[in-house]
Amino acid sequence: YRIFKDFVEIFRSISNPPKTTVQGLWCELLLIETSSNPKILLDYWHSIPEEKFDFNADQEKIEVKSSSTLERKHIFTSEQLNASAGKKIIISSIFAKQSTSGKDIATLMESIKVKVNDQELIGKLLMIVGETLGNALEQGLSIKFDYELAKDSINFYDTSKISKIEELHIPSSVSEVKYKSDLTNVETIIPNKISITGRLFSGV
């Protein structure tokens, strides 16, 4: 029944415009597909594309950033780089180049479904992809990106080490602050080495 309901939601969302880029969604799925425990990542994957973080387990959060220029320069919101007390945010930076011999979203989804083997989580996967791609679903599922390049490029960064505008310097009357930050010379991390609760970072 749950899966049927998810499919109904997907078909309802197909008439809506896409909520994010195919490249961004592909990279989020790649992180799930290549993780040590796809179930954990899928469980904490955002239910709606507009959420501030792609993966959110309250105290542990992951934001995925993609680059088609092979440069680790990404646009962040102030909230994505300024973790509140007792919480840890890490950034996953991935290179995504379109390639006719690469893998598409549909292929990544099939791989995740096999690895997860959980009907409720598979329903969530289908629903989020449908909601995200909207009326670009058919086209979006077939756009291919270089899988090996992307997989080999996955790096993780602790937001406490990334150059940012500290929240105390942002007036309370100013909101939705965005800026580009260069991660090229920032030290990379291993997520499970800095895990607070083990609920999310341990699954990467």
Side-chain angles (χ1 to χ4, degrees), residues 18-38 40-42 44-46 49-57 59-84 87-99 102-105 107-109 111-112 128-129 132 140 143-167 176-196 199-204:
K19 294 184 178 179
T20 188
T21 65
V22 172
Q23 177 180 306
L25 175 62
W26 190 91
C27 286
E28 290 172 32
L29 291 170
L30 176 76
L31 190 63
I32 296 171
E33 197 265 342
T34 58
S35 67
S36 63
N37 194 328
I40 291 178
L41 267 75
L42 194 50
Y44 290 112
W45 196 26
H46 55 67
E50 295 87 353
E51 287 183 18
K52 288 188 176 70
F53 298 97
D54 297 317
F55 301 90
N56 192 341
Q59 288 171 288
E60 299 182 349
K61 308 174 195 293
I62 300 174
E63 176 64 18
V64 180
K65 298 294 182 182
S66 65
S67 170
S68 60
T69 62
L70 307 189
E71 291 184 308
R72 297 194 189 275
K73 297 177 180 178
H74 305 293
I75 294 175
F76 299 94
T77 65
S78 174
E79 292 91 344
Q80 288 171 346
L81 292 186
N82 287 283
S84 53
K87 301 190 178 183
K88 180 72 76 175
I89 305 168
I90 63 175
I91 302 299
S92 174
S93 172
I94 302 173
F95 293 155
K97 292 283 283 187
Q98 285 195 33
S99 169
K103 292 188 178 183
D104 55 26
I105 284 176
T107 303
L108 292 180
M109 289 177 69
S111 177
I112 292 169
I128 293 175
V129 171
T132 303
I143 297 175
K144 296 180 178 180
F145 293 87
D146 187 326
Y147 180 81
E148 294 303 325
L149 169 71
K151 182 180 177 181
D152 293 342
S153 77
I154 300 174
N155 277 353
F156 297 96
Y157 303 88
D158 187 335
T159 54
S160 66
K161 308 293 185 184
I162 298 174
S163 296
K164 65 179 78 64
I165 300 173
E166 300 291 344
E167 285 197 317
E176 298 185 37
V177 177
K178 292 185 179 181
Y179 46 83
K180 183 179 286 187
S181 195
D182 189 348
L183 278 54
T184 305
N185 297 316
V186 180
E187 179 185 3
T188 60
I189 60 166
I190 300 173
N192 61 21
K193 299 287 188 186
I194 65 165
S195 179
I196 299 173
R199 292 167 62 198
L200 176 56
F201 296 167
S202 65
V204 177

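Values below: every heavy atom of this structure, side chains too, minus hydrogens, waters and symmetry copies.
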Query raised in the report: Just how far is it from atom SG of Cys27 to atom CG of Leu108, taken to the nearest 0.5 Å?
Result: 9.5 Å
Query raised in the report: Looking at CD of Glu176 and CD of Glu79, how far apart are the two atoms once the value is rounded to the nearest 0.5 Å?
Result: 8.5 Å
Query raised in the report: Roughly how far, to the nearest 0.5 Å, is the OG atom of Ser35 from the CD1 atom of Ile62?
Result: 9.0 Å
Query raised in the report: With a 4.5 Å heavy-atom cut-off, do Pro191 and Glu60 have their side chains touching?
Result: no
Query - Worked check of side chain to side chain contact (heavy atoms under 4.5 Å, CB included) between Val204 and Asn192 - result: CA-CA 7 Å; Val204 177; Asn192 61 21; over 6 Å; no
Requested in this report: Check whether any side-chain heavy atom of His46 lies under 4.5 Å from a side-chain heavy atom of Glu28, and answer yes or no.
Outcome: yes
Report task. For residues Ile91 and Phe76, determine if any side-chain heavy atom of one lies less than 4.5 Å from a side-chain heavy atom of the other. Result -> yes
Report task. Measure the spacing between CD1 of Ile196 and NZ of Lys61 and express it to the nearest 0.5 Å. Result -> 10.0 Å
Report task. Spell out, as yes or no, whether a donor-acceptor pair under 3.5 Å connects the side chain of Ser153 to the backbone of Ala150. Result -> yes
Query raised in the report: Any side-chain heavy atom of Asn37 sitting closer than 4.5 Å to one from Ser202?
Result: no
Query raised in the report: Only one of Asn155, Thr188, Ile94 clears side chain to side chain contact (heavy atoms under 4.5 Å, CB included) with Arg72; which?
Result: Asn155
Report task. List the steps, then state whether side chain to side chain contact (heavy atoms under 4.5 Å, CB included) holds for Phe95 with Asp146. Result -> CA-CA 9 Å; Phe95 293 155; Asp146 187 326; over 6 Å; no
Report task. State, with a plain yes or no, whether a side-chain heavy atom of Phe53 is found less than 4.5 Å away from one of Gln80. Result -> yes
Query raised in the report: Distance-only, no hydrogens or angles: does the Ser66 side chain make a donor-acceptor pair with backbone N or O of Ala96 under 3.5 Å?
Result: no
Requested in this report: Can you see which heavy atom on Lys65 is nearest to which on Ile75, and at what distance?
Outcome: NZ-O, 2.8 Å
Query raised in the report: Would a 4.5 Å heavy-atom cut-off, applied to side chains only, mark Leu81 and Tyr157 as touching?
Result: no
Requested in this report: Taking atom CG of Leu70 as the centre, report whether more than 12 heavy atoms of other residues, nucleotides or ligands fall under 6.0 Å from it.
Outcome: yes
Query raised in the report: What is the minimum heavy-atom distance between Arg199 and Ala57, and which atoms define it?
Result: NH1-O, 3.5 Å
Query raised in the report: Does the Glu63 side chain pair with the main chain of Asp54, one donor and one acceptor, at a distance under 3.5 Å?
Result: yes
Query raised in the report: What closest approach, in Å, do Ile154 and Ser92 show between heavy atoms, and which atom pair accounts for it?
Result: CG2-OG, 3.9 Å
Query raised in the report: Are Phe156 and Leu31 side-chain neighbours, meaning at least one heavy-atom pair lies under 4.5 Å?
Result: yes
Query - Which atom of Ser67 lies closest to which atom of Thr69, heavy atoms considered - result: OG-OG1, 3.1 Å
Query - Nearest-0.5 Å distance that lies between atom CE in Met109 and atom CD1 in Ile128 - result: 10.0 Å
**Report entry** Residues Lys88, Asp158; criterion side chain to side chain contact (heavy atoms under 4.5 Å, CB included); working and verdict
**Finding:** CA-CA 8 Å; Lys88 180 72 76 175; Asp158 187 335; 3.0 Å; yes
Requested in this report: Looking only at non-hydrogen atoms, find the nearest pair between Ile165 and Tyr179 and report the distance.
Outcome: N-OH, 3.3 Å
Query raised in the report: Between CD1 of Ile143 and OG of Ser99, what distance do you get to the nearest 0.5 Å?
Result: 13.0 Å
Query raised in the report: Does Ser163 use its side chain to pair, donor to acceptor, with the backbone of Ser181 at less than 3.5 Å?
Result: no
Requested in this report: Indicate the atoms forming the closest heavy-atom contact of Asp182 with Lys73, along with that distance.
Outcome: OD2-CE, 3.3 Å
Requested in this report: Please say whether more than 12 non-hydrogen atoms of neighbouring residues, nucleotides or ligands are located less than 6.0 Å from CD in Glu166.
Outcome: yes
Query raised in the report: Got a sec, which residues hit salt bridge (Lys or Arg N to Asp or Glu O under 4.0 Å) with Lys151, two or more places apart in sequence or on another chain?
Result: none
Requested in this report: Determine whether the side chains of Thr107 and Asp104 contain a donor N or O and an acceptor N or O closer than 3.5 Å.
Outcome: yes
Query raised in the report: Does the pair Tyr147 and Thr34 meet the rule for a side chain to side chain contact (heavy atoms under 4.5 Å, CB included), with working shown?
Result: CA-CA 10 Å; Tyr147 180 81; Thr34 58; 3.7 Å; yes
Query raised in the report: Phe145: what forms a ring pair (Phe, Tyr, Trp, His ring centres under 6.0 Å) with it, not counting sequence neighbours?
Result: Trp26
